[in-house]
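Not measured: the values here are computed from a predicted model. For the numbers below, each heavy atom of this structure counts, side chains included, while hydrogens, waters and symmetry mates do not. Quick note on labels: first sequence line is chain A, next is B, and so on, each numbered from 1.
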Amino acid sequence: MEKLLEIEDLCINFGSQPDAVRAVRNLNLSVDAGEVVALVGESGCGKSMSALAVMKLTPPAAIATGSIRFNGTEILSAPDSVIRKIRGREISMVFQEPMTSLNPAFTVGDQIAETLRLHLKISKQEAAKRAVELLSRVRIASPEKRARAYPHQLSGGMRQRVMIAIALSCNPKFLILDEPTTALDVTTQAQVLEIVRELEGEGDTGVLLITHDLGVVADLADRVVVMYAGSPVETSDVGGIFSQPMHPYTNGLLGAVPRRSDGIRRRLNDIPGTVPVIKSNPGRCAFADRCSYAADDCAAKEPELFDIQGGHRVACFHPVGVEEGAIL
Amino acid sequence: MSSPILQLEGLKVSFSVPGGTVNAVRDVNLEVGKGEILGLVGETGSGKTTVGKAVVRLIEPTSGKVLIDGVDISHLSRGRMRPFRRKVQMVFQDPYSSLNPRMTVAKLIEHPLAIHGVANRLERRAKVEEIVDRVGLSRAVLHRYPGEMSGGQRQRVGLARALVLSPELLVADEPVSALDVSVQAGILNLLVDLQQEMGFSCLFITHDLSVAEHLCDRVAVMYLGEIVEVGSRSDVLVSGLHPYTQSLLEAVPVPDPVVQRGRVRATLPGDPPDPLNPPHGCALSPRCPLVDSRCIDEHPALLSYTSGQGGKVGSEIGLDHLIRCHRVAERKATSLVENTL
């Protein structure tokens with residue numbers, strides 16, 4: 001059966017060959033209805049750029065190739081008129097910055113109603129009424145009053161909930177959450193996570209969750225794709241990533257997180273060096289320079305994703321905890 | 001505990017804003033012992049950064065005392081302040097905006113030495129090279145500009161600049177919040193190493209409880225301008241009793257799906273109150289799951305719960321476990337009575 005969203009061999013380049021910067025390289029990913037897939041990685045790994053490509057919102061300088069199929073429509077080649085009907089209606093996105101992604105000149109009620117009116121062709125009164133309902137759905141207290149507020153009159157957490165209300169306004173089939181809680185305090189983050197969990201429980205919305213926070217991943221995701229330097233390096237269901245991380249990068253990331261209730265002051269695992277900028281075909285593992293498991297073969301050829309067990313796939317010649325020679 | 005390097009006594013900082021006065025810091029009493037790392041945790045708007053800035057006098061306290069090595073610096077003149085500036089240095093959150101983009105790394109780190117007239121130029125250069133080695137940067141960066149470096153490298157420069165004067169107290173305001181986890185891990189490890197080698201004390205301001213638990217000896221939790229709980233790392237972050245501390249601890253997602261999904265999640269409802277119009281009684285009362293009428297009417301005091309002195313007024317600061325909550329006080333009083341019976 002066709003998945004709700006299917007990304008195949010997505011590449012996003014900036015600039016022209018042969019010096020093009022390769023922001024995303026050969027990303028394959030699918031999200032089913034009702035599934036939460038997390039795209040995890042650090043700054044500059046290409047996760048946000050991939051998400052923008054799904055909305056066809058990549059900057060003009062970016063050249064995207066490959067295929068992104070949503071519900072039977074090929075997004076990358078679709079004309080703008082088709083995209084405009086999908087964007088905000090069938091696929092919607094919550095951006096990281098709740099401070100800058102709302103228009104300061106309109107009330108939040110108007111901004112929610114705008115999306116509703118554009119896509120659902122309903123009356124002004126009806127849209128205003130539904131805007132208030134949406135605000136109460138995302139647990140904003142006294143929604144009638146808040147609908148008349150301007151963004152600057154709301155706290156960061158409330159603004160992010162308004163963004164979620166806008167994203168949910170047309171009951172989208174697919175929701176992209178780009179670092180939805182990064183700018184928020186923990187108690188506010190907990191409120192936002194609760195809203196997302198509720199959404200997950202009640203319907204068949206597919207969710208692409210982009211985050212660098214492994215705690216958020218552990219909370220929400222069904223499947224995880226770890227990206228490094230533009231390409232996926234490990235993918236598995238959420239349990240596999242945390243209980244048996246196989247790529248040295250994933251392993252390193254998990255060791256870098258300070259954990260609560262340790263009691264003792266454990267030394268954190270830092271990953272020395274920086275993420276390389278990939279131009280042309282690297283012909284070697286992009287992580288090799290920072291990897292403590294690297295051997296000669298890592299510099300000779302770039303590893304491809306390889307299924308090690310039951311859908312747990314790793315792009316590494318020397319996966320952690322797997323016996324040498326197990327991979328051919 | 002030996003005499004503390006930093007003492008805050010009744011620190012208050014108020015700002016005039018359109019519509020009234022915001023009391024960003026309301027009556028904070030706190031000590032940082034010699035060689036100690038004290039974590040100041042809280043959410044946006046809790047006043048933790050304002051406390052940090054008041055300690056280095058980037059903000060003038062409205063009232064109260066800031067004692068460095070026993071001397072109140074809150075009213076010293078520029079000239080008399082100078083020796084204290086050398087003792088207390090700060091590292092800022094944003095490694096991008098806190099370094100002058102037109103100065104090379106060598107200049108940036110040498111600048112505080114030149115200002116304080118430390119040694120001659122040759123000796124200063126030697127000191128700069130030594131500290132650059134210590135913070136784990138290669139000497140090749142000395143001739144670079146901040147714009148040519150990554151966030152993690154810049155934060156190391158920020159640390160080097162603060163530590164080159166061998167300060168007695170380092171005020172670190174969210175120094176790792178803008179960094180990726182793998183880079184953050186390196187900076188935290190470095191901070192632990194440097195603190196052990198150089199022996200400075202540290203006021204570490206953070207919103208991240210996991211970082212605080214990893215790094216700090218003692219922790220103070222702030223909410224709406226006041227300290228609601230303070231004590232040793234395990235007192236506060238393992239067995240914290242204040243309802244706000246507990247909700248913070250419950251809200252931090254654990255990076256383990258089995259644990260995280262099995263947790264009872266009690267989300268603190270609502271948003272922090274309007275600082276222009278704070279609640280009359282306990283600051284947490286509009287959101288607190290344990291609230292009763294006393295919490296709404298009466299402002300709770302910070303009481304000591306160190307074993308054997310349950311509910312004493314928290315005048316003696318130091319190693320005590322102090323909590324500002326009526327309900328904790330009642331619960332403790334009941335259990336005390338039960339124990340004596």
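- For chain A, the nearby parts of B:Val181 are the backbone and the side chain; heavy atoms of each come within less than 4.5 Å.
- Using a 4.5 Å cut-off between heavy atoms, B:Pro269 contacts chain A through its backbone alone, with no side-chain atom that close.
- Per-residue counts of heavy-atom pairs under 4.5 Å with chain B were compared for A:Leu184, A:Thr187, A:Ile140, A:Val238; the largest is that of A:Thr187.
- Residue B:Gln153 does not touch chain A at all, counting heavy-atom pairs closer than 4.5 Å.
- Side chain to side chain, A:Tyr228 and A:Arg290 meet the donor-acceptor criterion of an N or O pair below 3.5 Å.
- Interface remark: A:Ser43 contributes backbone and side-chain atoms alike to the contact with chain B (heavy atom separation under 4.5 Å).
- Counting heavy-atom pairs closer than 4.5 Å to chain B, the top residue among A:Leu214, A:Asp219, A:Val186 is A:Asp219.
- Proximity to chain B (any heavy atom under 4.5 Å) is shown, for A:Arg139, by neither the backbone nor the side chain.
- A salt bridge between A:Glu198 and A:Arg137 is absent, with no side-chain N of the basic residue lying under 4.0 Å from a carboxylate O of the acidic one.
- A donor atom on one side chain and an acceptor atom on the other are not found under 3.5 Å apart for A:Gln191 and B:Thr267.
- With a 4.5 Å cut-off on non-hydrogen atoms, B:Leu188 touches chain A through its side chain but not through its backbone.
- A salt bridge links B:Arg139 with B:Asp133; the closest basic N to acidic carboxylate O contact falls under 4.0 Å.
- When heavy atoms are compared at a cutoff of 4.5 Å, A:Val217 approaches chain B solely by way of its backbone atoms N, CA, C and O.
- A:Glu35 has its side chain within reach of A:Val37: a pair of non-hydrogen atoms, C-beta onward, lies under 4.5 Å apart.
- If you tally non-hydrogen atom pairs under 4.5 Å between each of A:Gly157, A:Gly273, A:Gly252, A:Ala221 and chain B, the highest count goes to A:Ala221.
- For chain A, the nearby part of B:Ser150 is the side chain; its heavy atoms alone come within less than 4.5 Å.
- The greatest number of non-hydrogen atom pairs below 4.5 Å with chain A, out of B:Pro255, B:Ser177, B:Ala251, B:Gly270, is found for B:Pro255.
- Among A:Arg313, A:His247, A:His312, the single residue meeting the side chain to side chain donor-acceptor pair (under 3.5 Å) criterion with A:Glu234 is A:His312.
- At a cut-off of 3.5 Å, with distance as the only test, a side-chain donor of B:Ser97 or B:Asp94 sits close to an acceptor on the other residue.
- Side-chain contact check for B:Tyr96 and B:Gln155: no donor-acceptor pair (N or O, by modelled atom type) lies under 3.5 Å.
- Judged purely by distance below 3.5 Å, without hydrogens or angles, the side chains of B:Ser182 and A:Glu42 pair a donor atom with an acceptor atom.
- Ranking B:Leu268, B:Val259, B:Thr44, B:Val254 against chain A, the residue ahead of the rest is B:Thr44, based on heavy-atom pairs under 4.5 Å.
- Counting heavy-atom pairs under 4.5 Å between each of A:Ile241, A:Leu253, A:Thr182, A:Leu220 and chain B puts A:Leu220 at the top.
- With a 4.5 Å cut-off on non-hydrogen atoms, B:Asp193 touches chain A through its side chain but not through its backbone.
- Side-chain contact annotation: B:His207 with B:Glu43, donor-acceptor N/O pair under 3.5 Å absent.
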